[in-house]
Enquirer: 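Questions regarding the structure given below will be posed in turn.
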Number of protein chains: 2
Amino acid sequence: MPTGFSSSDGTDLLRAEETVRARIGEHDFDFASLAAVSNVFRVANTARYRFERSVLRPYDLSFTAFTVLWVLWIWGELESRHLAAEAGITKGTLTGVVKTLERRGLVERRSHSADRRLVLVAASGDGAATMERLYSEFNREEARITQHLSAAEKQELAHHLRTILRTLELLDD
Amino acid sequence: MPTGFSSSDGTDLLRAEETVRARIGEHDFDFASLAAVSNVFRVANTARYRFERSVLRPYDLSFTAFTVLWVLWIWGELESRHLAAEAGITKGTLTGVVKTLERRGLVERRSHSADRRLVLVAASGDGAATMERLYSEFNREEARITQHLSAAEKQELAHHLRTILRTLELLDD
DNA sequence: AGGATATCGTTTGGGAGCGAACGAGTGGAG
DNA sequence: CTCCACTCGTTCGCTCCCAAACGATATCCT
């Protein structure tokens, strides 16, 4: 249901610009930043929703569960807190997600032999096999939603986003 | 805690590229699309987290509650399902969010006189006043996280994202 | 050695978030 | 006028998501 906001033609953003200018004044309002940032949220929202309903649905995996499994597939066994950081969620959230993945037999947990506070998480054989099939489809879908961008434009997009990412890290008060 | 993945230098993406190529083969793998799409998710995740902890925290508003209030601020009174679509959430989720906003006195609900199935939602005086102060800060933060992008680059970024948005709408099977 | 200090993952409480089922209300077909 | 199909917002069950508090473990200091 959440198509993620209404229109992509910019109608709503223009309306927003009018309203905001009228209410908080010309100064103190950076429209270019609004357009850039709000579109990031819109695309992320809409794309996430689409991925969950298309490629992820048959596997009964949430986007987050997929992300966690993907990270493990790429990096191999990881300590909990690193896995959480890599997946972009808190350790508290990870506990629940890993519990879900473990219940489905896609992931295995074991405790560190030397430091018993640590918990190591790894994809199971099933988990890896699943990702091998699933990620092909996922990547095809990534290509599908970006099909109207040239390779150069995709690179440009990724580059600008990495610039923001770097800024966010520096701002990390 | 979720800084949103580890590094913005592309280290992890390179690692991902290696692994994926090794496991699903050269063909059937579009790295440019992976880089573009995954960075959208990373930025959205990290930025959302930052907004919630900086500008939104003092107002005790979640990112979604802020979005809903913002939409009402821009568009005025809206029917529930349109508000949900505009905010990018399902109507079921909206019921809960509006309940929260209503409890805080930022929003008002009334039923349509002609069609009694409909519920109309609008920002209250308090809600509008709150947004007037809050959005100034929010927009400043949008500018801050995009500070290393020129105006032209922000426009380029927004443009590419809108291209994806348009594709997502067309793909809407 | 032993007590403060720090760090780990888990738990808890509360707000999102979805799909599906639901009751109330509308409007069309006969 | 009365079924019937449709649409509205709410509710329900489940997963995610965070901050904060917690118990267990490790380390540092003297």
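Numbers restart at 1 for each chain; the letters A, B, ... are given by sequence-line order, proteins then strands. Treat the numbers as computed from the prediction; the structure is a model and nothing was measured.
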Enquirer: Looking at every non-hydrogen atom in both residues, tell me the closest pair between B/Leu106 and B/Leu69 and how far apart they are.
Expert: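 Closest approach of B/Leu106 to B/Leu69, heavy atoms only: O-CD1, 3.7 Å.
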Enquirer: Output all residues satisfying salt bridge (charged side-chain N to carboxylate O under 4.0 Å, His left out) with B/Glu108, sequence neighbours left out; order by chain, then residue number.
Expert: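 B/Glu108: no salt bridge (charged side-chain N to carboxylate O under 4.0 Å, His left out) contacts found.
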Enquirer: Going by the angle between their ring planes, with limits at 30° and 60°, are B/Trp70 and B/Tyr135 parallel, tilted or perpendicular?
Expert: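 Taking B/Tyr135 first and then B/Trp70, their aromatic rings sit tilted (interplane angle of 30° to 60°).
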Enquirer: Between C1' on C/dG15 and CZ on B/Phe66, what's the gap in Å once rounded to a whole number?
Expert: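 Taking CZ of B/Phe66 and C1' of C/dG15, I get 18 Å after rounding.
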Enquirer: Angle between ring planes, B/Phe66 versus B/Phe138, binned at 30° and 60°: parallel, tilted or perpendicular?
Expert: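 If you compare the ring of B/Phe66 with that of B/Phe138, the planes turn out parallel.
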Enquirer: Can you check the A/Arg116 CZ to D/dG23 C1' distance for me, whole Å?
Expert: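 Roughly 14 Å, once rounded to whole Å.
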Enquirer: From CZ of A/Arg110 over to C1' of C/dC8, roughly how many Å is that when rounded to an integer?
Expert: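 In whole Å, C/dC8 C1' lies 16 Å from A/Arg110 CZ.
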Enquirer: So does A/Arg166 pair up with A/Glu169, basic N to acidic O under 4.0 Å?
Expert: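 Salt bridge flag = no for A/Glu169 with A/Arg166.
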Enquirer: What is the distance, rounded to the nearest whole Å, between atom CZ of A/Arg57 and atom P of C/dC18?
Expert: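 Those two atoms, CZ and P, are 11 Å apart.
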Enquirer: Could you state the CD-P distance from B/Glu102 to C/dG15, rounded to the nearest angstrom?
Expert: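 Result: 14 Å.
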Enquirer: Atom CG of B/Asp60 and atom P of C/dG14: how far apart are they, to the nearest Å?
Expert: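 Interatomic distance, CG of B/Asp60 to P of C/dG14: 13 Å.
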Enquirer: Expressed as a whole number of angstroms, how long is the span from B/Phe63:CZ to C/dG17:C1'?
Expert: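 The answer, rounded to whole Å, is 15 Å.
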Enquirer: Whole-Å distance between C/dG17 P and A/Arg53 CZ?
Expert: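 Taking atom P of C/dG17 as the reference, CZ of A/Arg53 is at 17 Å.
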Enquirer: Quick one: do A/Glu137 and A/Arg140 make a salt bridge, cutoff under 4.0 Å?
Expert: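 Here A/Glu137 does not pair with A/Arg140 in a salt bridge, since their nearest N and O are not under 4.0 Å apart.
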Enquirer: Could you run down nucleotides 3-16 of chain D 5' to 3' and tag each one B, S or - for protein heavy-atom contact under 4.0 Å?
Expert: ----BSBBB---SS
